[in-house]
Number of protein chains: 2
Amino acid sequence: MQTIHHHLSIDHMSQLLKLISDPTRLTMLKVMQSFECCVCEFVEMFDISQPAISQHLKKLKDGGIVQEKRNGHWIFYSLNPNYPHAEMLETVLDAVVEQSGRIEELTKNGLRVSCN
Amino acid sequence: MQTIHHHLSIDHMSQLLKLISDPTRLTMLKVMQSFECCVCEFVEMFDISQPAISQHLKKLKDGGIVQEKRNGHWIFYSLNPNYPHAEMLETVLDAVVEQSGRIEELTKNGLRVSCN
DNA sequence: GACTTATATAATAAAACGATTATATAATCA
DNA sequence: TGATTATATAATCGTTTTATTATATAAGTC
């Protein structure tokens, strides 16, 4: 299967880079490279309020980078496999240090949400 | 020759992405992918003041992405070939639409500075 | 050595961004 | 159906970013 690369305008690329450059969002994305997460897990993971988490996730969703899926009370977020620039995103995320320790921490403290 | 990849912290990557995400700086970098440019050329190229241009170039230089070289009156900027994350930068720049039209425009208007 | 040209720096103002608090919505449970 | 839990939205505030204007520096020219 051949990957089709299409060029981005300066403004489009600029927007995309801004979107992933925030340290909280970048961490979220790196975590989601390995794990699907629900909002409350992100809330535990960072030292910011729940609305702040929601707003970051909204930006990522509006940018098409992540997708959401509801399961009962919980809404799970994961990388959108159909994101048009997934390859570039991957290059960036691959260059970032692993963040799976954050998930291990949650598991250790019994805060991981795994509904079936 | 083998490329050595080292992982960046979230904060380091975040800083780097912020640095290249500004549309003016991103355009400068794309142009410098093909051309060495002096400050006054950038001044002609954008609709912002000369000090604004200088400040953008300073940020790029402080971030280690570009290098400067004086030639008489002029100071020429180019991509720093020793930039540690040149490969990632290249991936990003390669995904951006060509900006060489901006240089052609300068040439057409006799504004290109080429001191031997 | 004074003048001009190219560039940098400093101070400041406007805009963009990310946080907070308060509140709304949506799903489940008793 | 009323209470609880998870998440989203709205309003607002402080910080950061990027622009502007004014001024300084540094190199070449007459």
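In what follows, chains carry the letters A, B, and so on, assigned in the order in which the sequence lines appear, proteins first and then strands, with residues in each chain numbered from 1.
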[X] [atom1] to [N] [atom2], straight-line distance once rounded to whole Å:
X        : N       : atom1 : atom2 : result
Leu57(B) : dA19(D) : CG    : P     : 12 Å
Glu44(B) : dT5(C)  : CD    : C1'   : 14 Å
Asn71(B) : dA27(D) : CG    : C1'   : 11 Å
Trp74(A) : dC29(C) : CH2   : P     : 8 Å
Ile75(B) : dG28(D) : CD1   : P     : 11 Å

Could you check whether the rings of His12(A) and His85(A) sit parallel, tilted or perpendicular, using 30° and 60° as the cut-offs?
perpendicular
Any non-hydrogen side-chain atom of Cys37(A) less than 4.5 Å from a side-chain atom of Ile103(A)?
yes
Provide the closest heavy-atom pair for Leu26(A) versus Met13(B) in the form atom of the first, atom of the second, distance.
CD2-CG, 3.6 Å
Just to be sure I understand the rule, does Tyr77(A) reach a base, reach only the sugar-phosphate, or reach nothing, if contact means heavy atoms closer than 4.0 Å?
sugar-phosphate
N-O pairing of Glu105(A) and Lys108(A) below 4.0 Å:
yes
With Ser78(B) as partner, the option from Lys69(B), Gln33(B), Gln67(B) fulfilling side chain to side chain donor-acceptor pair (under 3.5 Å) is Gln67(B)
Taking protein heavy atoms under 4.0 Å as touching, what does nucleotides 16-24 of chain C look like 5' to 3' if B marks base contact, S marks sugar-phosphate-only contact and - marks none?
-SSBBBB--
Could you tell me the separation between the CD atom of Glu44(A) and the CG atom of Leu111(A), rounded to the nearest 0.5 Å?
4.5 Å
The answer to which of His73(B) and Cys40(A) contacts DNA chain D further toward the 5' end, by nearest nucleotide, is Cys40(A)
